[in-house]
Each structure stands twice: as structure tokens, then as C-alpha cells.
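Side chains are part of it too, since the values below use all heavy atoms of this structure and drop only hydrogens, waters and symmetry mates.
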Amino acid sequence: MQNYKKLQDLNLREVSANTQIEMAFFEALLEKDFKTLIRFNVKGFIKILEREYELDFTEFNEELEQYLSENQPDSLHITKTVTPPLASYSHKGSILPIIAIVLFVFVAGVGVYYFDTLKELLKSEESFASAVSLDVAKEAELNLKNLENSVVIVGEENSSEINASVKVQENLDEELKDTNESLKITSLINENNTSEINQTKLEEADLNLQKISKEVAKFKVNSKVWVGVINLKSGKKMTWVKESDFEIPLNEDQLILTGATAFVVSDEEGNEKSYPAGISKRFLIKDGKITSISAAEFKQLNKGKDW
């Protein structure tokens, strides 16, 4: 760990924004203005700086204890400033609901798209079957009319013509029966084709969903861990404290800084790697892949900043 005087080399305004510690505290800290410092939650703030920036305050704590032992609290009229809880440490939210919403919207969009496509296909098939049925019915009706016009009953002399007409009617009935059978077969074929199309679309949607679920890095933790994420494109920073397993998307280039807690990381291929406790960990997400990097590499990618 580095000496706390390393704070002089950092951007104190940025540290103040990240930790929600007032600038007046940092000014008094670097000047060793103990009279001003004891108005703040000194020990609490020092613990935060030790944990998040790996600074050693041993020498400073000894001088502070000596000052407190030499100066009675009654003579100092101490007024402590109540500092609100840090947003980055009291945040109880999770990124999982956001991922769930994104997945839901995507799956719903895929379902609507394929449903509309399937509906248009069914409409075209129904129109085709209706047209075939209408054509056959019109042809049969026309044949019947021709038959009626050709049948004229005039005594027994025309009995042979009547018998011929009856045979023609029977032939037409057989033709209509065959046509109906053909239409039934066509309908069954259309139903089979529709089922095959539905199955194909569902399989494609399932593959897309599986692909999306793989595009995350999974972190398995056994205790609280501080996590900071920097978007390399926009420079936006986010921090939170996790008490259970969590995931980080791999679809954007990002830098990740964590506390010294031990955890296991599962990459985009499902390969797991354990990281021991004791030191902060740093990672780079680039082109959909996550890799562990050193502090020097992290600082170089972060434009020379430790965080």
C-alpha cells in the first residue's frame, strides 16, 4: 500500500465526487489541520480511502491519536458534520432487472416480427386455396347448367338421351368428389408446411436468445465487493457494492476495477478463473471479451488516472 500523501498526486475533486467526501476534509488532511479534521468522521473517511485507493494511513493515525490525547474534547467545542450515506455504498439496485427487460423486449420484438411474417404467409396460402375452390365450383356449376340445357324429355323415344345424361351427371359427381379429395390433401400439406415454418422460427429465436445470454461476464462472490465500471467510449463511470453473484454485459468496451474481495469470473466462453483476496482487480472488456490487466495497463487505458 502507498503512503496517504499519494493523495497529493490524485485529482482530489474526482476522488471527492467518487467517495462523497467533502473537499474541506482533503484540504485539512493534507495540511494536518487536526482541529478542523475532528469535525468530520475522520476514521470512517480514512477507512474508505484505505480500501478504495489502497493508501496507508498508519503514520497519520498515530499523529491523530497523539493530538486527541493532548487536547481534551471539551476545550475544542467539537461540532461533527453529519455526512449522508455514499450513493456508491448504499445503492441496493442491480443491473439484472435491466438485462431482463432488454431480453424481454428483444424476445417480444422477435416474436412480433415472426408472427406478422407467418400471418402474411397463411393469408397468401388461404387466398390460393380459396381461388382453387372457387374455380372448381364455377366449373362444376357451368357443367351442370350445360347438362340441364341438353336434357329434353319427349316421350319414350328420348329415353336413350336421358340415360346418357344421367351417366354424364354421374361422371360429374365423381369429378367433384375427386376435386374435394384433392382440396383436402392440399389443405393438409399447407398445415404441415405451416407447422414446419413455426418450428423453424422458434428454433431461430431460441438460438438468438442463447447467443445473447452468453454475451455477459459472470462474477461469483461470497462477500461484499466494491465494483467500478468506466465506459471507454463515453468516459462515464458507475460504482456499486455487490453482496451476491452479478453479471456485466460484454457488448461495450469498458474498464472494471474491484475491491480486494476474492471472487470467480466466468468469461464469454464459460471458462472460470479464481481471483484471491488481498488486492484490487482490474479487467478490460474489449470486442466482447473480458481479460485481466495490470494496474499500469489500467492507468494507461484510463488516460493516466488510477480511477
Side-chain angles (χ1 to χ4, degrees), residues 14 17-19 51-52 86-114 201-277 279-303 305-307:
E14 183 176 336
N18 292 335
T19 60
R51 181 173 60 251
E52 305 308 326
L86 303 183
S88 59
Y89 291 91
S90 61
H91 181 57
K92 299 296 182 182
S94 173
I95 198 173
L96 291 178
I98 297 177
I99 295 176
I101 291 172
V102 172
L103 289 176
F104 176 78
V105 171
F106 176 81
V107 173
V110 171
V112 170
Y113 171 76
Y114 287 123
K201 302 305 181 183
L202 289 174
E203 290 176 357
E204 291 178 355
D206 184 59
L207 289 175
N208 290 332
L209 186 61
Q210 292 178 5
K211 182 179 179 182
I212 291 174
S213 64
K214 290 182 179 180
E215 294 177 352
V216 295
K218 299 179 180 179
F219 289 71
K220 299 179 181 179
V221 300
N222 295 322
S223 59
K224 289 184 178 180
V225 57
W226 179 88
V227 182
V229 178
I230 303 173
N231 189 300
L232 289 176
K233 184 177 181 180
S234 64
K236 183 179 179 180
K237 298 181 178 181
M238 295 185 295
T239 61
W240 57 83
V241 173
K242 294 291 185 181
E243 299 181 6
S244 59
D245 297 352
F246 61 95
E247 298 176 347
I248 295 181
L250 301 177
N251 58 346
E252 291 185 313
D253 294 346
Q254 303 179 95
L255 288 174
I256 301 175
L257 175 63
T258 71
T261 306
F263 52 76
V264 176
V265 176
S266 178
D267 62 16
E268 67 284 350
E269 299 296 334
N271 300 319
E272 294 186 348
K273 183 175 180 180
S274 300
Y275 293 87
I279 60 173
S280 298
K281 290 78 163 176
R282 297 166 177 83
F283 301 91
L284 169 65
I285 295 178
K286 183 76 172 177
D287 298 330
K289 298 182 179 181
I290 182 170
T291 55
S292 176
I293 59 175
S294 65
E297 291 173 322
F298 183 96
K299 188 172 184 179
Q300 182 180 3
L301 292 169
N302 195 29
K303 301 178 180 179
K305 300 176 183 179
D306 292 322
W307 164 243

Between Ser274 and Val264, which heavy-atom pair has the shortest distance, and what is it?
OG-CG2, 3.5 Å
For a side chain to side chain contact (heavy atoms under 4.5 Å, CB included) check, start with the C-alpha distance between Trp307 and Glu52, then their side-chain angles and the critical distance, and finish with the verdict.
CA-CA 10 Å; Trp307 164 243; Glu52 305 308 326; over 6 Å; no
Considering all heavy atoms of both residues, which atom of Ala295 and which atom of Arg282 are nearest to each other, and what is their separation?
CA-CD, 3.6 Å
Under the rule for salt bridge (Lys or Arg N to Asp or Glu O under 4.0 Å), what residues qualify as partners of Lys305, not counting sequence neighbours?
Glu14
side-chain contact (heavy atoms from CB on, under 4.5 Å) with Asn271: which residues, sequence neighbours excluded?
Asp267, Glu269
Does the side chain of Trp226 come within less than 4.5 Å of Arg51's, by heavy atoms?
no
Any heavy-atom pair between the side chains of Leu250 and Lys289 that's under 4.5 Å?
no
Partners passing ring pair (Phe, Tyr, Trp, His ring centres under 6.0 Å) against Phe298 (at least two apart in sequence or in another chain):
none
Can I get a per-line list of side-chain donor-acceptor pairs under 3.5 Å for residues 227-236, giving both atom names and the distance, sequence neighbours left out?
from   : atom 1 : to     : atom 2 : distance (Å)
Asn231 : OD1    : Lys233 : N      : 2.8
Asn231 : OD1    : Ser234 : N      : 3.1
Ser234 : OG     : Lys236 : N      : 3.4

Residues which pass side-chain contact (heavy atoms from CB on, under 4.5 Å) with Asp245, listed by chain and number, not counting sequence neighbours
Lys220, Val221
One pair to check against side chain to side chain contact (heavy atoms under 4.5 Å, CB included): Ile285 and Phe283. What are the steps and the verdict?
CA-CA 7 Å; Ile285 295 178; Phe283 301 91; 5.7 Å; no
For Gln300, what residues pass the side-chain contact (heavy atoms from CB on, under 4.5 Å) criterion, not counting sequence neighbours?
none
Minimum heavy-atom separation for Ala262 and Ala277, please, with both atom names.
CB-N, 3.5 Å
Nearest-0.5 Å distance that lies between atom CD1 in Ile290 and atom NZ in Lys218:
13.0 Å
Rounded to the nearest 0.5 Å, what's the gap from CZ on Phe263 to CZ on Phe246? Could you check?
7.0 Å
Going by salt bridge (Lys or Arg N to Asp or Glu O under 4.0 Å), name the residues that satisfy it together with Lys286, two or more places apart in sequence or in a different chain.
Asp253
So which atom in Ser280 and which in Thr258 form the shortest heavy-atom distance, rounded to 0.1 Å?
CB-O, 3.1 Å
Going by the rule side chain to side chain donor-acceptor pair (under 3.5 Å), which residues pair with Lys273 if we only count those two or more places apart in sequence or in a different chain?
none
side-chain contact (heavy atoms from CB on, under 4.5 Å) involving Thr291 - partner list, sequence neighbours excluded
Leu284, Ile293
Test your reading of the model: is there a side-chain donor-acceptor pair from Lys281 to the backbone of Ile279, 3.5 Å cut-off?
yes
Residues passing the side chain to side chain donor-acceptor pair (under 3.5 Å) test with Thr261, sequence neighbours excluded, are none
